[in-house]
Amino acid sequence: MREQKMKKIIALGLFCLFSMHPTVGQTIRLQGTKLALPEGNVIGAALSDDLIFVQQSVFHADGPTVRSARRILSWSLKTNSAEKERMLEADASPLGGDECGRVEVNIKARRIYVCENHESMAILNADDLTTISTIRCGGRIYDFAVDYLLQRIFVVWRSNSDVQYLTAFDMASGKELEQTKISSGSPSNAQLIVDARTKRVAVAEAGYQHSGITTYLYGCSYTGSMTCEYIEKLPQVSQIAMWGPEVLLASGLFGDDPHVCLTSVNLTTHATANQYCSSRKGVHYGVGILDGKYVVGYSGVVKRLHWKETTLDVSSSVSVWIYENGTVAAEALQEGDEGSFQGAARIACNRAAPEFLLYSVTSNIAYIYSIHDVVSDSSR
């Protein structure tokens with residue numbers, strides 16, 4: 001019965017929805033498909049071959065109380081259907097909302113990595129989603145990232161004494177390898193990103209102040225012993241991406257400013273710049289880098305109608321820039337999405353192909369996009 005319901009959802013909600021806007025010197029094209037996943041908010045995803053591994057936050061009734069739980073889903077792009085799904089067991093420290101929603105996948109080893117609760121991560125079998133082993137930290141986990149070359153998992157977490165640590169674990173055994181202090185205090189959340197080629201880590205901590213949410217960026221290195229240093233104080237950030245020493249940060253502020261660009265920070269020189277802009281649209285909420293060749297970002301604009309207590313979707317789109325020169329090469333428009341999708345938009349990039357997923361942590365709707373080189377395609 002459940003399978004029939006899911007297929008019905010797919011049949012109604014799955015269709016190609018993309019639009020190209022030519023730019024000077026454009027050499028690529030975007031091809032996109034809208035996906036309607038099972039009920040539940042998509043809070044994390046990873047792409048690998050023809051599969052998407054999704055983590056969803058779902059609500060269920062427990063007597064008179066409504067509780068949040070986590071669903072792990074493997075979704076086939078070939079059949080446009082769920083292959084496997086599993087609910088993570090609730091325990092004494094269940095995760096709420098989109099807390100630690102990241103998903104990482106090592107398809108060669110058939111392993112998936114997710115947060116199991118506030119203090120531990122689960123390593124799952126990619127074929128049947130069963131738990132293989134668990135990695136435990138000594139406090140609250142904010143986020144994690146993976147160096148697939150060295151087979152290390154990096155975790156940013158907070159101790160009971162309000163100290164933030166960066167800890168490296170062995171991917172296979174879960175054994176702790178190294179640890180260093182990042183900061184003191186009690187941030188509301190933190191994001192982590194790794195560049196395996198340069199052995200660098202970027203950590204973006206968010207904290208509440210009188211002026212709003214502020215982001216503190218730290219740069220870490222594990223070329224020798226693992227060390228971290230403070231880099232820059234920035235406005236509210238929604239998502240980060242990294243290539244070499246450069247960290248790109250997407251604004252988490254309300255998307256009513258059409259002139260907002262991605263912020264670029266160099267971890268080596270500490271230089272900060274506003275790059276990768278989308279004319280008259282602004283770049284907010286979501287950002288990703290595809291193999292150092294393309295930068296992708298969410299470029300929607302919303303308008304708040306206070307007298308109606310609602311948000312109007314002015315435009316909803318993604319933009320693709322050539323990484324080397326910051327030129328907008330293509331755009332894709334989404335039609336029919338409400339403003340609530342925009343403020344929670346995120347991007348997950350495929351590590352093995354020029355492909356990315358746009359999703360919203362307040363929705364079960366996602367868009368899968370592939371980037372095609374027009375010159376290469378025409379020469380075949």
Side-chain angles (χ1 to χ4, degrees), residues 16-34 47 193 234-235 237-244 246-266 271-303 313-335 337 339 341-343 345-350 353-360 366-378:
C16 186
L17 185 64
F18 76 98
S19 175
M20 285 298 301
H21 287 258
T23 58
V24 177
Q26 180 176 327
T27 59
I28 68 172
R29 61 183 173 89
L30 268 177
Q31 185 170 355
T33 302
K34 184 176 181 178
L47 288 73
I193 196 80
L234 300 159
V237 168
S238 179
Q239 189 174 20
I240 63 176
M242 185 177 181
W243 186 258
E246 184 178 32
V247 180
L248 298 181
L249 306 99
S251 171
L253 299 174
F254 188 68
D256 59 345
D257 187 346
H259 305 293
V260 172
C261 306
L262 293 173
T263 299
S264 170
V265 179
N266 189 298
T272 302
N274 293 321
Q275 297 179 319
Y276 306 104
C277 306
S278 181
S279 177
R280 300 181 301 279
K281 294 182 182 297
V283 187
H284 308 269
Y285 309 129
V287 61
I289 302 176
L290 286 165
D291 196 29
K293 190 174 183 181
Y294 304 112
V295 174
V296 295
Y298 186 73
S299 47
V301 178
V302 295
K303 182 179 181 180
D313 177 15
V314 178
S315 68
S316 182
S317 60
V318 289
S319 295
V320 178
W321 298 264
I322 305 299
Y323 180 81
E324 290 183 352
N325 55 29
T327 302
V328 175
E331 292 178 344
L333 302 179
Q334 295 93 39
E335 298 177 3
D337 289 322
F341 179 95
Q342 296 197 23
R346 303 290 186 271
I347 289 172
C349 291
N350 193 333
E355 182 180 59
F356 65 94
L357 187 78
L358 173 71
Y359 63 93
S360 170
Y367 298 83
I368 181 75
Y369 288 101
S370 57
I371 300 175
H372 302 272
D373 190 314
V374 174
V375 175
S376 298
D377 287 351
S378 61

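- Using modelled atom types, one side-chain atom of Q239 and one backbone atom of V287 make a donor-acceptor pair closer than 3.5 Å.
- For the pair H259 (side chain) and K281 (backbone), a donor-acceptor distance under 3.5 Å is absent.
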- Where do V328 and V320 land on the side-chain contact (heavy atoms from CB on, under 4.5 Å) test, with the steps shown first? CA-CA 6 Å; V328 175; V320 178; over 6 Å; no
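- For the atom pair CG (L358) and CD1 (I368), the distance works out to 10.0 Å, reported to the nearest 0.5 Å.
- The side chain to side chain donor-acceptor pair (under 3.5 Å) check on S264 picks up E246, Q275, with sequence neighbours excluded.
- For the residue pair Y298 / S316, a side-chain donor-acceptor distance below 3.5 Å is found, with atom types taken as modelled.
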- Message: One pair to check against side-chain contact (heavy atoms from CB on, under 4.5 Å): N274 and L262. What are the steps and the verdict?
- Response: CA-CA 6 Å; N274 293 321; L262 293 173; over 6 Å; no
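- Of the possible polar contacts, none joining the Y276 side chain to the T263 backbone as a donor-acceptor pair under 3.5 Å is found.
- At a threshold of 4.5 Å between non-hydrogen side-chain atoms, the residues D373 and K293 count as touching.
- Side-chain atoms of Y285 come within 3.5 Å of backbone N or O of L253 as a donor-acceptor pair.
- By the side chain to side chain donor-acceptor pair (under 3.5 Å) test, S319 is found to be paired with S278, S299, residues two or more places apart in sequence or in another chain being considered.
- Taking 4.5 Å as the limit, some side-chain heavy atom of V265 sits within range of a side-chain heavy atom of L234.
- Between the side chain of E355 and the backbone N or O of I371 there is no donor-acceptor pair closer than 3.5 Å.
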- Message: Between Y323 and W243, does the side-chain contact (heavy atoms from CB on, under 4.5 Å) criterion hold? Intermediate values first, please.
- Response: CA-CA 10 Å; Y323 180 81; W243 186 258; 3.6 Å; yes
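- Scored by the ring pair (Phe, Tyr, Trp, His ring centres under 6.0 Å) test, F356 finds Y369 as partners (sequence neighbours excluded).
- No side-chain heavy atom of I289 sits under 4.5 Å from any side-chain heavy atom of C349.
- When the side-chain contact (heavy atoms from CB on, under 4.5 Å) test is applied to D256, the partners found at least two apart in sequence or on another chain are F254.
- Taking the disulfide bond (SG atoms under 2.5 Å apart) definition, one finds that C277 meets it with C261, sequence neighbours left out.
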- Item | Derivation of the side-chain contact (heavy atoms from CB on, under 4.5 Å) call for W321 and T327 | CA-CA 5 Å; W321 298 264; T327 302; over 6 Å; no
